[in-house]
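Here is how names work: the chains are called A, B, and so on, in the same order as the sequence lines, proteins then strands, and each is numbered from 1.
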Protein chains: 2
Amino acid sequence: MIVTGAVMPGALLAETALAQEFEVSRTPIREALKQLEREGLVEVRARVGTFVRKPTQREIHEMFELKESFEGLAAGLLAKRGPVPELEHLKENVARSQQAVEHGDAQEYSQLVHDFHSTLVAGADNRKLSEHYDLLMNQLAYQRIVSQTLSQPGRLQNSVKEHQAIIDAISSKDPLAAELVMRRHVAASSQLAAIAALKEDEGQSN
Amino acid sequence: MIVTGAVMPGALLAETALAQEFEVSRTPIREALKQLEREGLVEVRARVGTFVRKPTQREIHEMFELKESFEGLAAGLLAKRGPVPELEHLKENVARSQQAVEHGDAQEYSQLVHDFHSTLVAGADNRKLSEHYDLLMNQLAYQRIVSQTLSQPGRLQNSVKEHQAIIDAISSKDPLAAELVMRRHVAASSQLAAIAALKEDEGQSN
DNA sequence: AATTGGTTTGTTGCATGCATGAAATGCTAG
DNA sequence: CTAGCATTTCATGCATGCAACAAACCAATT
């Protein structure tokens with residue numbers, strides 16, 4: 001809903017309006033908005049209104065630091081796991097990503113990248129990690145969609161190679177290497193995404 | 001409230017009862033309980049009741065893995081920071097912890113350990129990290145568990161030494177070492193805490 | 001024209017009533 | 001005495017009304 005960017009940041013989310021739209025009373029709407037407030041997606045100003053929150057540039061930076069830590073942990077845990085059912089899925093993902101890059105299919109590639117990272121975190125077999133990760137990614141989602149498509153074509157090929165290296169480290173049961181490679185990969189991607197988000201931000205505010 | 005263990009796991013938290021206790025209507029109580037449900041502290045079974053949730057042994061293990069990752073990240077970020085105002089506070093904390101260990105003051109030491117870790121995470125200067133960390137620690141009810149590991153004789157002195165090593169790594173601006181030492185420290189403490197939690201669990205269920 | 005004051009409007013915060021459904025309870029039959 | 005069924009109890013889920021308050025608006029005055 002909000003994470004897809006369907007509503008613009010700063011927009012008012014009036015309880016009564018949403019209640020009419022979804023054809024329920026204010027109460028369940030209100031509870032949902034409170035949840036979103038706790039997730040940091042909206043800001044409820046008492047007796048004024050509920051507004052879609054726009055993450056600051058600093059918060060985006062902080063969230064990318066967390067993302068690196070989360071996914072690094074996930075990669076390490078995957079390498080520590082005995083059998084990893086998701087490994088085949090990840091290998092196939094890399095193969096298809098390679099094809100997508102060669103064909104210049106940005107849409108397909110964006111989808112595959114998202115699938116790769118969420119499969120990897122899910123495969124870590126740590127539900128609490130997944131919960132925290134999902135929470136984090138919800139807050140980042142809007143920026144993610146925009147910046148993914150704007151990544152430079154040269155980066156995509158490198159990204160695929162890094163994905164392959166991550167899989168290799170996991171396959172060889174090397175948790176330290178898996179975490180290290182993963183973190184470097186996320187850091188590199190994050191840097192580009194942060195720059196894209198910054199430019200987007202400047203374009204909006206002017 | 002719940003995190004302090006004032007109410008036992010499995011206990012029913014009736015909205016009407018809480019409403020009378022706090023002298024408000026059900027509505028704000030209800031919102032608070034929904035928040036706690038999202039935080040994983042209580043379980044709301046539709047039209048049955050709201051109950052204090054008891055983390056499974058597996059969840060405790062997962063949360064300790066997350067704790068290690070969070071605090072490792074925090075230590076690394078601290079070492080990366082230029083000036084660290086909290087460093088003096090941390091040094092003083094270690095000095096007082098050393099005294100507490102020598103005097104066998106378990107109560108004081110427990111408080112100092114908690115202060116050390118929260119100061120360290122807060123000092124990382126990453127609010128999103130702090131939010132996720134606080135969320136995690138609420139679920140762990142850490143204070144309750146850690147107090148039971150205090151009876152371990154040799155562990156306390158080792159813990160203080162590890163705290164000192166963490167400070168040294170931060171002082172020398174070595175992020176990798178800071179993270180590594182921190183993670184080893186958390187892993188060691190977590191192992192003892194997990195054992196304590198397991199024993200408490202067995203004691204309860206019998 | 002600008003400012004200040006009061007009024008109006010719109011929003012959330014809270015209280016409360018009713019509907020829904022699950023679980024406990026008791027009653028009856030075997 | 002036990003098993004099964006109806007009933008009663010009790011909890012949340014949702015709808016709605018009212019109060020409180022912030023902000024926008026408008027008019028009067030300087």
Side-chain angles (χ1 to χ4, degrees), chain A residues 1-56 59 127-128 131 134-135 138-139 141-142 201 204-206, chain B residues 1-56 59 127-128 130-131 134-135 138-139 141 201 204-206:
Chain A
M1 318 192 192
I2 297 176
V3 303
T4 62
V7 289
M8 293 298 293
L12 171 66
L13 296 175
E15 292 178 1
T16 55
L18 291 174
Q20 285 187 1
E21 184 176 349
F22 291 103
E23 295 182 351
V24 292
S25 84
R26 276 180 53 208
T27 308
I29 296 291
R30 184 174 173 70
E31 287 179 357
L33 287 178
K34 284 285 185 181
Q35 299 283 330
L36 292 178
E37 181 188 27
R38 218 206 125 288
E39 294 180 21
L41 285 171
V42 303
E43 179 183 3
V44 178
R45 296 173 56 191
R47 289 179 187 89
V48 175
T50 304
F51 304 90
V52 180
R53 199 167 174 288
K54 181 182 181 181
T56 66
E59 283 176 322
R127 293 209 186 99
K128 286 293 167 191
E131 288 176 14
D134 291 343
L135 189 62
N138 269 348
Q139 296 179 54
Y142 175 62
D201 195 42
Q204 290 273 340
S205 61
N206 291 350
Chain B
M1 323 185 192
I2 297 177
V3 305
T4 60
V7 289
M8 293 300 292
L12 171 66
L13 296 175
E15 293 179 1
T16 55
L18 291 173
Q20 286 187 359
E21 183 176 351
F22 291 103
E23 295 181 353
V24 292
S25 84
R26 276 181 51 209
T27 307
I29 296 292
R30 184 175 173 70
E31 287 179 356
L33 287 178
K34 285 284 185 181
Q35 299 284 333
L36 292 179
E37 181 188 27
R38 228 200 122 293
E39 294 180 19
L41 285 171
V42 305
E43 179 183 3
V44 178
R45 296 172 57 190
R47 290 179 186 85
V48 174
T50 304
F51 305 90
V52 179
R53 198 165 173 290
K54 182 182 181 180
T56 67
E59 283 175 322
R127 292 209 186 99
K128 287 292 168 191
S130 291
E131 288 176 14
D134 291 343
L135 189 62
N138 270 348
Q139 294 180 57
D201 195 43
Q204 292 270 341
S205 61
N206 292 351

- Message: Ignoring hydrogens, what is the shortest heavy-atom contact between S25(A) and I29(A)? Give both atom names and the distance.
- Response: O-CG1, 3.6 Å
Which atom pairs, donor and acceptor, lie under 3.5 Å between side-chain atoms of residues 9-23 of chain B and protein residues at least two apart or in another chain?
| residue | atom | partner | partner atom | Å |
| --- | --- | --- | --- | --- |
| E15(B) | OE1 | R26(B) | NE | 2.9 |
| E15(B) | OE1 | R26(B) | NH2 | 2.9 |
| E15(B) | OE2 | R30(B) | NH1 | 2.9 |

Please tabulate, for side-chain N and O atoms in residues 32-50 of chain B, each donor-acceptor pair with protein atoms closer than 3.5 Å (sequence neighbours left out).
| residue | atom | partner | partner atom | Å |
| --- | --- | --- | --- | --- |
| Q35(B) | NE2 | K34(A) | O | 3.4 |
| R38(B) | NE | E39(A) | OE2 | 3.2 |
| E39(B) | OE2 | R38(A) | NE | 3.4 |

Scan nucleotides 7-12 of chain C against the protein and return all N/O pairs shorter than 3.5 Å with their distances rounded to 0.1 Å.
| residue | atom | partner | partner atom | Å |
| --- | --- | --- | --- | --- |
| dT12(C) | OP1 | L13(A) | O | 3.4 |
| dT12(C) | OP1 | E15(A) | N | 3.2 |
| dT12(C) | OP2 | E15(A) | N | 3.3 |

- Message: Would you compute the distance between atom CD of E59(B) and atom CD of Q139(B) and round it to the nearest 0.5 angstrom?
- Response: 7.5 Å
- Task: Figure out the CD/P separation between Q35(B) and dG13(C), and round it to whole Å.
- Result: 12 Å
- So where does chain B start and stop touching DNA chain D, 5' to 3', when the test is distance under 4.0 Å to a non-hydrogen atom? dA11(D) to dG13(D)
